[in-house]
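Structure record follows, encoded as structure tokens.
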Amino acid sequence: IFISTLVAILVALRMMAETRITKFSARTYDLNMKALNNALCVKEVMVSYLCAAILEPVLSIAGSDAAEGTQFTVDCLMLGSICWWIWLMTDAFDC
């Protein structure tokens with residue numbers, strides 16, 4: 001029952017996606033290259049800052065002799081959140 005329900009949901013989603021694609025494919029859209037360039041420049045700057053920010057928790061974890069307790073937890077959470085932001089930025093702008 002679970003698999004048949006899952007397959008039915010996937011088929012329904014596929015059919016809805018096809019109708020949306022055919023609905024929007026008949027239109028033509030203009031591409032504003034200046035706005036696209038500005039968006040990509042902002043993305044590159046943000047990703048560069050995030051890549052530079054990733055060094056702080058890595059150096060904090062590697063540099064401390066007794067990497068334990070709350071400081072280690074905070075550094076690991078900071079490292080994870082920076083990696084999540086990098087993934088979010090690349091997923092939002094790259095196809």
Side-chain angles (χ1 to χ4, degrees):
I1 293 175
F2 174 73
I3 293 177
S4 62
T5 305
L6 181 63
V7 169
I9 290 172
L10 289 175
V11 168
L13 288 174
R14 176 71 179 184
M15 289 173 58
M16 287 190 303
E18 286 179 8
T19 58
R20 290 177 67 203
I21 289 171
T22 56
K23 185 173 105 176
F24 289 119
S25 65
R27 299 180 186 166
T28 59
Y29 296 97
D30 294 329
L31 179 62
N32 187 348
M33 290 301 289
K34 184 178 178 184
L36 180 64
N37 188 36
N38 287 341
L40 287 176
C41 287
V42 167
K43 180 235 142 217
E44 290 297 325
V45 168
M46 283 295 294
V47 169
S48 297
Y49 277 121
L50 288 170
C51 287
I54 209 165
L55 286 175
E56 182 182 351
V58 169
L59 291 176
S60 178
I61 291 170
S64 63
D65 294 331
E68 58 185 39
T70 58
Q71 184 61 35
F72 180 72
T73 305
V74 167
D75 288 335
C76 287
L77 289 173
M78 187 186 307
L79 187 63
S81 66
I82 291 171
C83 289
W84 181 80
W85 273 106
I86 290 172
W87 175 80
L88 186 68
M89 292 293 291
T90 56
D91 186 50
F93 285 95
D94 296 336
C95 295

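FYI, the numbering just counts along the sequence from 1. These numbers were taken from a predicted model, which means no experiment stands behind them.
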Subject >> side chain to side chain donor-acceptor pair (under 3.5 Å) contacts in which one or both residues fall within residues 76-87, not counting sequence neighbours >> reply: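 Those involving residues 76-87 do not exist here.
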Output all residues satisfying side chain to side chain contact (heavy atoms under 4.5 Å, CB included) with [X], sequence neighbours left out; order by chain, then residue number.
{"X": "Leu77", "result": "Thr73"}
{"X": "Asn32", "result": "Lys34, Ala35"}
{"X": "Leu10", "result": "Leu6"}
{"X": "Val58", "result": "Leu79"}

**OP:** List the atom of Met46, the atom of Met89, and the distance in Å for their closest heavy-atom pair.
**Re:** CB-CE, 3.4 Å
Original post:
Same cluster or not: are Leu50 and Leu55 linked, directly or through other Ile, Leu, Val, Met, Phe, Trp or Tyr residues, by side-chain heavy atoms under 4.5 angstrom apart?
Top reply: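 No, Leu50 and Leu55 fall in different hydrophobic clusters.
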Original post:
Under a single-linkage definition using a 4.5 Å side-chain heavy-atom cutoff for Ile, Leu, Val, Met, Phe, Trp and Tyr, are Met78 and Leu88 assigned to the same hydrophobic cluster?
Top reply: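 Shared cluster, yes.
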Original post:
With a cutoff of under 4.5 Å between side-chain heavy atoms, which Ile, Leu, Val, Met, Phe, Trp and Tyr residues group with Tyr49?
Top reply: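 Reading the cluster by chain and number, Tyr49 sits alongside Val45.
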Subject >> Nearest-0.5 Å distance, CD1 of residue Ile9 to OG of residue Ser4 >> reply: 9.5 Å
Subject >> Residues forming a side-chain hydrogen bond (donor to acceptor under 3.5 Å, both in side chains) with Gln71, sequence neighbours excluded >> reply: Asp75
Original post:
Can you check whether Glu56's main-chain N or O pairs, donor with acceptor, with Ser60's side chain at less than 3.5 Å?
Top reply: no
